[in-house]
Structures are given as structure tokens and as C-alpha cells.
Protein chains: 2
Amino acid sequence: MRYSHRLSDAVHILAYIDIYHDSDLSSTAIAASVESNPALVRRLMVALRRAGLLATQQGTATPRLARQPAKISLLDVYRSVEEEGNLLHVDDKTNPKCVVGGNIQETLRVAYDEVQRAAEAQMAQITLASLVDDIWTREREKKANGSQ
Amino acid sequence: MRYSHRLSDAVHILAYIDIYHDSDLSSTAIAASVESNPALVRRLMVALRRAGLLATQQGTATPRLARQPAKISLLDVYRSVEEEGNLLHVDDKTNPKCVVGGNIQETLRVAYDEVQRAAEAQMAQITLASLVDDIWTREREKKANGSQ
DNA sequence: TTAGATGTTACTTTATATATTACATCTAAC
DNA sequence: GTTAGATGTAATATATAAAGTAACATCTAA
């Protein structure tokens, strides 16, 4: 099982830039929210820029979304930052002299591709806009409960 | 990232037991096909037994499927051997004092659950029987091509 | 000119899946 | 019963990828 947080951190960065667009958007400020480090944030921002989701300018802490949040899906972010991009992994060291070992890799690859497509179709339905909405809803609920 | 091959190896073990039910089914023989080691095979077999997919008897190399291959889905195997069982992972170290950091974990958990459900629904459609069929089809095709 | 930002790379640390080893326990054959 | 060889199980070691850290070239704006 993988323990990569690249997708979660990338969504975090985009949500932060959307919500705090009038505040300090330096990699250091964002890293403080992610509780990670500025270099990781910058690396992820480069990946998001290359994927056309983010616009940045070297020397200035002025990143901005390259598209409306409603036009950025979780799948877009996933494909930006997950290099390999497979949720399930084939064991590529099986014995080719065995009926099972000699064929199961391709068999599983096809099966896993179907699972991947189903997962990605769902990811395509989730937008940054809906995630940011959900963040705000939770924030309001916390405030409401806190003042009871 | 370090990939887990537990699901692939578990499917391999079940397919091997189904296909080679009249041959040597010791953990050593199966490990030779997986190109792994007997202890790993035994651990996975224990997980499959606990999940009700496999019947084993201590002291004897006589494992057998506890259900018909058509009644064993990829999802059954996945749930047997993947302890945590989440394809996507939330970064659980974000700053609670920030609107984003304080809420994104739950927001992403809900979103990831939706993706997980879509993936698992697809896994439920894939049976061990169909995977074994595919293995045999590929084996026949290899033989046909080889004798041309 | 300079302070402070991003872009980028190299190296270190940490986490964890798998390999390895060992051994208790069980089964079947003798 | 004894024994060979199997599973069940745990402890430890190893390998490797993710994340952390540090350093620095480059760019921007004051």
C-alpha cells in the first residue's frame, strides 16, 4: 500500500491559493498550513503548473489558479502529481515457466485498468470548487458549534 | 514509492490452487511460481483462510478454495489481504489553525471514500473464475503463436 | 543593489513492504 | 512412537520509495 500524500497536498495547495488569494501565498506560508516544507510545496506547484492548473511567476509569491475551481477536477490534480498513476500494482517478478506466473501479470493489468478507470471516472466528478465549498461548510459548522 | 503486491500475490495463490489442484500445493511450490518466499505465501494464505476464501489444514499441503471461483471476487481478495484498504491517503498532519488545514482532512476523506466505492464496485464485478479463464486464454494464445 | 521569492538539485532521514530465519505445532507414513 | 515435512507465527534484517532538509542559481520588485 502506498503512503504518498502528493495528491492530498496538491489539493491542499490549490484550495489554499483559492481561499487565501489576498494573503501571503509564498511557499513558506502554504507549507505552514500543510505542515510540510517549502521545497515540497514548490515541487508540487511546478507539477501543477506543468499540468496547466496553476500559474506562477518566478521571484514573486503570486500563484493563481489557471482555471476556475469548477473546471479543475480531482482527476486533473491526480494526473498532475502522481507520476506512475496506478492505484493497484502488478507483481512483475513471477515465474514465466508456470501457467499462472507466465500469464497473470497481463491478466491483472487488464483487470486493474478497469478498476483504475472506475476510480478515475469518480475523480473526474469531484471538482476543486466542491472541495472548497465543503471546507467552508465544515468551517462554518465548527464556528456554530463553538459558540453554543 | 514502495508498492504492495499483496493483492496480486493473493490472486496468484488462489489461481495457482485452482489450476494446479492435482499437483504440489505446498507454500514452497506456490512461492516458486510467485517468485517470492514460502513464509509470505503462508501469511497470505492465512489471511485468505480468515476471510473464508480458502480452506487449509496444518501439517498438510492440501489447500483448496472454500468457494467456487465464480463466487470469489477481486474485492473479496482485496478485503482479505489489504489491512488498511484505502487506495488514496489523507495527509493527517495539517495545521488546524488554518481554514484549509483544519478542514481538508475530513473533506478529502469523504471525497476519497467516493472514489474507493467506485473502485470497489468494479472490483466486485471481477471474479477469480474470469481471471483464471483469462490466464488460460493467454496460455493458449502463446502456444498457438509459438507453433506457427 | 538588495531582500526575498521561485526553480532545482543533491543528500539525508524515515517509513514500510518484503525477505529471511527460526521454531512450535500438526499430519501422515513408516 | 518416531520422523519427515508441512503449516502457523513471530522476530529481525533488508530494500526502497516518500518526505525532509539544505543549498544555491535565477528572477522580481523595491
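No hydrogens, no waters, no symmetry mates; every other heavy atom, side chains included, goes into these values. Naming: A, B, ... by sequence-line order, numbering from 1 per chain.
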Would you call B:Leu14 and B:Leu131 a side-chain contact if the rule is heavy atoms closer than 4.5 Å?
no
Whether the side chain of B:Asp76 engages the backbone of B:Ile72 through a donor-acceptor N/O pair (distance < 3.5 Å, no angle test) should be reported.
no
Side chains of A:Tyr78 and A:Ser73: any donor to acceptor distance under 3.5 Å?
no
Checking side-chain polar atoms at under 3.5 Å, does B:Thr94 have a donor or acceptor matched by the opposite partner on A:His12?
no
Using a 4.5 Å cut-off on heavy atoms from C-beta on, say whether the side chain of A:Asn103 contacts that of B:Trp136.
no
Is the shortest side-chain heavy-atom distance between A:Thr62 and A:Leu25 below 4.5 Å?
no
Taking only side-chain nitrogens and oxygens of A:Arg50, does any of them come within less than 4.0 Å of OP1 or OP2 of C:dG7?
no
Salt bridge (Lys or Arg N to Asp or Glu O under 4.0 Å) filter on A:Glu106, not counting sequence neighbours, yields A:Arg109
Taking atom C1' of D:dT16 as reference, at what distance in whole Å does atom OH of B:Tyr3 sit?
11 Å
Rounded to whole Å, how long is the line connecting atom CG of A:Asp91 with atom P of C:dT18?
8 Å
Check whether any side-chain heavy atom of B:Leu53 sits under 4.5 Å from a side-chain heavy atom of B:Leu65, and report yes or no.
no
Does some side-chain heavy atom of B:Ser4 sit less than 4.5 Å from a side-chain heavy atom of A:His89?
no
Can a donor-acceptor pair be found between the side chains of A:Asp134 and B:Thr107 at a distance below 3.5 Å?
yes
Using heavy atoms and a sub-4.0 Å distance, could you list which residues of residues 103-113 of chain A are near DNA chain C? By number, please.
none
Checking the side chain of B:Tyr20 only, and the main-chain atoms of A:Val99 only, is there a donor and an acceptor separated by less than 3.5 Å?
yes
To the nearest Å, give me how far apart CG (B:Asp9) and P (C:dA17) are.
13 Å
Distance test, side-chain N/O of B:Ser26 to OP1/OP2 of D:dA6, below 4.0 Å
no
In residues 53-69 of chain A, which residues come under 4.0 Å of DNA chain C by heavy atom?
A:Thr56, A:Gln57, A:Gln58, A:Gly59, A:Thr60, A:Ala61
DNA chain D in dot-bracket form (Watson-Crick or G-U pairs under 3.5 Å, [ ] crossing, | inter-strand) is ||||||||||||||||||||||||||||||
Is the phosphate of C:dA17 approached by B:His5 (side-chain N or O, under 4.0 Å from OP1 or OP2)?
no
Round to a whole Å and report the spacing from NE2 of A:His89 to C1' of C:dT18.
15 Å
Are A:Asn95 and B:Val34 side-chain neighbours, meaning at least one heavy-atom pair lies under 4.5 Å?
no
Could you verify whether a donor N or O on one side chain and an acceptor N or O on the other, from A:Thr28 and A:Ser26, lie under 3.5 Å apart?
no
Take atom NZ in B:Lys71; do more than 12 heavy atoms of anything else shown fall under 6.0 Å from it?
no
B:Arg49 CZ to D:dT9 C1', in whole Å, measures 11 Å
Under 4.5 Å between any side-chain heavy atoms of A:Gln116 and B:Gln122, yes or no?
no
Mind running a 4.0 Å heavy-atom check of residues 34-48 of chain B against DNA chain D and sending the residues that fall below it, in number order?
B:Arg42, B:Arg43, B:Val46
What residues from residues 12-22 of chain B pass a heavy-atom cutoff of under 4.0 Å to DNA chain D?
none
Backbone N/O of A:Val81 and side chain of A:Arg6: donor-acceptor pair under 3.5 Å
yes
